[in-house]
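See structure below.
Any value given below was found using the heavy atoms of this structure, including those in side chains, with hydrogens, waters and symmetry copies removed. Values in this document were obtained by computation on a predicted structure and should not be read as measured data.
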Amino acid sequence: LNNAALAAQTLREAGAARVAVLDVDYHHGNGTQTLFYERADVLTVSIHGDPRTEYPFFLGHADERGAGAGVGSNLNLPLPRGTDYARWRDALNTGLAAIDKFGAQALVVALGVDTYEGDPISGFRLRSDDYFAVGEAIAGAGLPTVFVFEGGKESAVVSYDLNGEARRVHAKGELINDYSVSPDGEYLAFRQNYQAFVTPLLPGTQEVSLSPKGGALPVTKASENGADWIHWSGDGKQLHWSLGPVVYTADRAAMFADA
C-alpha cells in the first residue's frame, strides 16, 4: 500500500479539487509518480538522489513530466550524491513554487529523513537543524498538510499457530524492506538497502538477526544492481526479482552448496 497515494486520493474524495504530493525521501517516489502520472488533479513532486546513480534507477529523471491529461503534473528534482542543505533547499523552493502555481488545496508530504548526512544507505548531507527549516518552509505553503511515512526501521518474520496464538519471531533486521520464505520453508529471501539477499531459515524457536554481512547464518547477495518484488519459484529452487521492467533469476543451488 502507498500511504502517500492513499492520503492524496482521500483528500480528493473529501472535496479538495487539487492535491499535491511532496516526496522528500532520499529515494525517488516511483510508485506515487506512476499512480498519478496521467492525472491532472494530483501534482507529484519528488526531491531525490539522481537515478543515474541511485535506486530505483529507471524512474525519477527530470524529463518525466506526466502523460496524457497529466502532462505537467509531475516534477522530479534529482540531485547528486553529496548534496548539502543549501542546494537541497533550492530544490525544495522550486517544488513549493510548483505546488503554489498548481493551485493545490491540500498537501501530502511523503516524509523520509534518510537525507540526513549520517544515513547509512543515502548520500545527502542535511543536518538535524536543517529539518526545522524544512518544516517551516512547508508550513509556509499555507496548506492543510498530511505527513506520512512509508515504512519502519526494523521489521521481522513472525508466525502464529492456527488459533492465532504461539507467536514466534523467526528473523528480524534493520532497514529490511520485505521478506519471502521459500515454499519448503528452508530459506528466507529479504531486501535490504534495495538489494536481494538469501539466508537459511532455522527450524525451531531460535530468533535470527539478519544483516548482509552475515552472522550466525551465511547470507548470500543475489542481486547486483538493485531488486524489487522478490519471490520464489513454485519449487523453491529459484529466487526471482525485478528491477524496472526486467526480471532476474538466481538458482538456490548456486548460492548455497547444500541447497
Side-chain angles (χ1 to χ4, degrees), residues 1-12 14 16-81 83-116 119 122-124 126 130-151:
L1 298 178
N2 184 311
N3 294 329
L6 286 171
Q9 185 61 36
T10 299
L11 288 166
R12 281 287 293 111
R18 289 193 161 201
V19 176
V21 178
L22 173 63
D23 190 328
V24 297
D25 185 272
Y26 181 78
H27 300 95
H28 174 246
N30 54 305
T32 307
Q33 170 177 305
T34 300
L35 286 168
F36 296 114
Y37 204 63
E38 297 185 22
R39 287 176 54 171
D41 57 336
V42 178
L43 171 69
T44 51
V45 178
S46 180
I47 308 170
H48 52 269
D50 192 329
R52 291 178 295 180
T53 59
E54 307 298 321
Y55 184 91
F57 307 114
F58 56 92
L59 284 177
H61 299 277
D63 60 356
E64 297 160 9
R65 301 289 295 163
V71 171
S73 294
N74 188 78
L75 176 62
N76 286 326
L77 299 166
L79 297 170
R81 178 172 283 268
T83 291
D84 61 12
Y85 177 65
R87 186 170 181 181
W88 191 93
R89 175 61 187 267
D90 288 341
L92 177 62
N93 289 340
T94 298
L96 291 172
I99 290 168
D100 180 64
K101 183 178 180 181
F102 178 71
Q105 297 177 353
L107 175 63
V108 177
V109 178
L111 181 62
V113 292
D114 51 358
T115 50
Y116 178 67
D119 191 274
S122 305
F124 289 165
L126 276 67
D130 295 332
Y131 294 99
F132 291 101
V134 172
E136 291 173 354
I138 293 173
L143 295 171
T145 302
V146 179
F147 288 83
V148 299
F149 289 95
E150 295 296 344

Can Arg65 and Leu75 be said to form a side-chain contact (heavy atoms from CB on, under 4.5 Å), step by step? CA-CA 6 Å; Arg65 301 289 295 163; Leu75 176 62; 3.1 Å; yes
Kindly assign one of parallel, tilted or perpendicular to the pair Tyr85 and Trp88, based on the angle between their ring planes and the thresholds 30° and 60°. parallel
Nearest-0.5 Å distance, [atom1] of residue [X] to [atom2] of residue [Y]:
{"X": "Leu6", "Y": "Leu11", "atom1": "CG", "atom2": "CG", "value": "11.0 Å"}
{"X": "Leu126", "Y": "Asp114", "atom1": "CG", "atom2": "CG", "value": "10.5 Å"}
{"X": "Thr34", "Y": "Leu59", "atom1": "OG1", "atom2": "CG", "value": "5.5 Å"}
{"X": "Leu77", "Y": "Asp23", "atom1": "CG", "atom2": "CG", "value": "11.0 Å"}
{"X": "Leu22", "Y": "Leu107", "atom1": "CG", "atom2": "CG", "value": "6.0 Å"}

Using every non-hydrogen atom in the two residues, find where [X] and [Y] come nearest and quote the distance to one decimal.
{"X": "Gly31", "Y": "Asn2", "value": "C-ND2, 3.8 Å"}
{"X": "Ala137", "Y": "Leu96", "value": "O-CD1, 3.6 Å"}
{"X": "Leu43", "Y": "Asn74", "value": "CD1-N, 4.1 Å"}
{"X": "Val45", "Y": "Gly95", "value": "CG1-CA, 3.9 Å"}
{"X": "Val21", "Y": "Ala8", "value": "CG2-CB, 3.8 Å"}
{"X": "Ser73", "Y": "Phe102", "value": "OG-CE1, 4.1 Å"}

Could you tell me whether a side-chain N or O of Asp50 sits under 3.5 Å from a main-chain N or O of Pro80, the two making a donor and an acceptor? no
Give a yes or no answer on whether the side chain of Gln105 reaches the backbone of Ala16 with a donor-acceptor pair at less than 3.5 Å. no
Counterpart residues, side-chain hydrogen bond (donor to acceptor under 3.5 Å, both in side chains), relative to [X] (two or more places apart):
{"X": "Tyr37", "result": "none"}
{"X": "His28", "result": "Gln33, Asn76"}
{"X": "Asn93", "result": "Arg89"}
{"X": "Asp119", "result": "Ser122"}

Measure the shortest side-chain to side-chain distance between [X] and [Y] over non-hydrogen atoms and say whether it is less than 4.5 angstrom.
{"X": "Glu54", "Y": "Pro78", "result": "no"}
{"X": "Thr115", "Y": "Asp130", "result": "no"}
{"X": "Arg81", "Y": "Tyr26", "result": "yes"}

Across all chains, not counting sequence neighbours, the side chain to side chain contact (heavy atoms under 4.5 Å, CB included) partners of Tyr116 are Ser128, Tyr131
By side chain to side chain contact (heavy atoms under 4.5 Å, CB included), which residues pair with Arg39, not counting sequence neighbours? Gln9, Arg12, Phe36, Asp41, Val42
side-chain contact (heavy atoms from CB on, under 4.5 Å) partner of Pro51, chosen from Glu64, His61, His27: His61
For Thr32 and Val108, what are the C-alpha separation, side-chain angles and deciding distance, and is it a side-chain contact (heavy atoms from CB on, under 4.5 Å)? CA-CA 11 Å; Thr32 307; Val108 177; over 6 Å; no
